[in-house]
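Numbers here are sequence positions counted from 1.
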Amino acid sequence: MTNLKQCIAAWQALRAIATQAMDYKSAHALVLLMERLRPHVAYFSSTETELVKKYAELDAEGNPVFEGPGRVRFRTGDDLAAFTRERNKLDVVELGEEIARATISPPAQISPEQLEALFPYVDIKEVAT
């Protein structure tokens, strides 16, 4: 069984390779895999957002203050440490279900990082030459 960190890494890799044209069976398998992962990604995202709101410095409207793209300002070092602890616990939450693996043809381009992220969820079938 996999955890949320692995699920999010796979989701990001899927989003990156989903822009490539591929054969129908592979595209269909990836769409189905994304649908199976989607509720877990949504849970992770909403829980992470709650953690940010709990520990971040907030503006007058109650929204987190960002120092830059994806960089939240925390009120104190203790708040950052508490956020990090809870966020790390979120990463290792097990999905609670086995996600059926997708079988696809090799994509035209894929990075080693993407391939590693997809490893728990995707089988790449070798093309006969």
For a quick test of reading the model, state the closest non-hydrogen atom pair linking [X] to [Y] and the distance between them.
X      : Y      : value
Ile124 : Ser105 : CG2-C, 4.1 Å
Val122 : Arg101 : O-NH2, 3.0 Å
Ala117 : Ala9   : CB-O, 3.5 Å
Leu33  : Ala100 : CD1-O, 4.0 Å
Leu90  : Leu4   : O-CD1, 3.4 Å
Gly96  : Met1   : N-SD, 3.3 Å

Is there side-chain contact between [X] and [Y], with heavy atoms separated by less than 4.5 Å?
X      : Y      : answer
Leu30  : Ile17  : yes
Ile104 : Lys125 : no
Pro64  : Phe66  : yes
Val93  : Asn3   : no
Tyr121 : Thr2   : yes
Met34  : Arg15  : yes
Asp23  : Ser26  : yes
Val65  : Leu58  : no

Rounded to the nearest 0.5 Å, how far apart are [atom1] of [X] and [atom2] of [Y]?
X     : Y      : atom1 : atom2 : answer
Gln12 : Leu118 : CD    : CG    : 11.0 Å
Glu48 : Lys53  : CD    : NZ    : 12.5 Å
Arg36 : Glu98  : CZ    : CD    : 11.5 Å
Glu57 : Asn63  : CD    : CG    : 12.5 Å

Ring pair (Phe, Tyr, Trp, His ring centres under 6.0 Å): which pairs involve residues 67-119, sequence neighbours left out?
Phe74-Phe83
[X] side chain to [Y] backbone, donor-acceptor under 3.5 Å:
X     : Y      : result
Thr19 : Ala16  : yes
Gln20 : Gln109 : yes
Thr49 : Ser45  : yes
Thr84 : Leu80  : yes

side-chain hydrogen bond (donor to acceptor under 3.5 Å, both in side chains), paired with Tyr55, selected from Arg87, Glu86, Arg75
Glu86
Side chain to side chain donor-acceptor pair (under 3.5 Å) partners of Glu35, counting only residues at least two apart
Arg38
Flag yes if more than 12 heavy atoms outside Glu97 fall under 6.0 Å of its CD atom; otherwise flag no.
yes
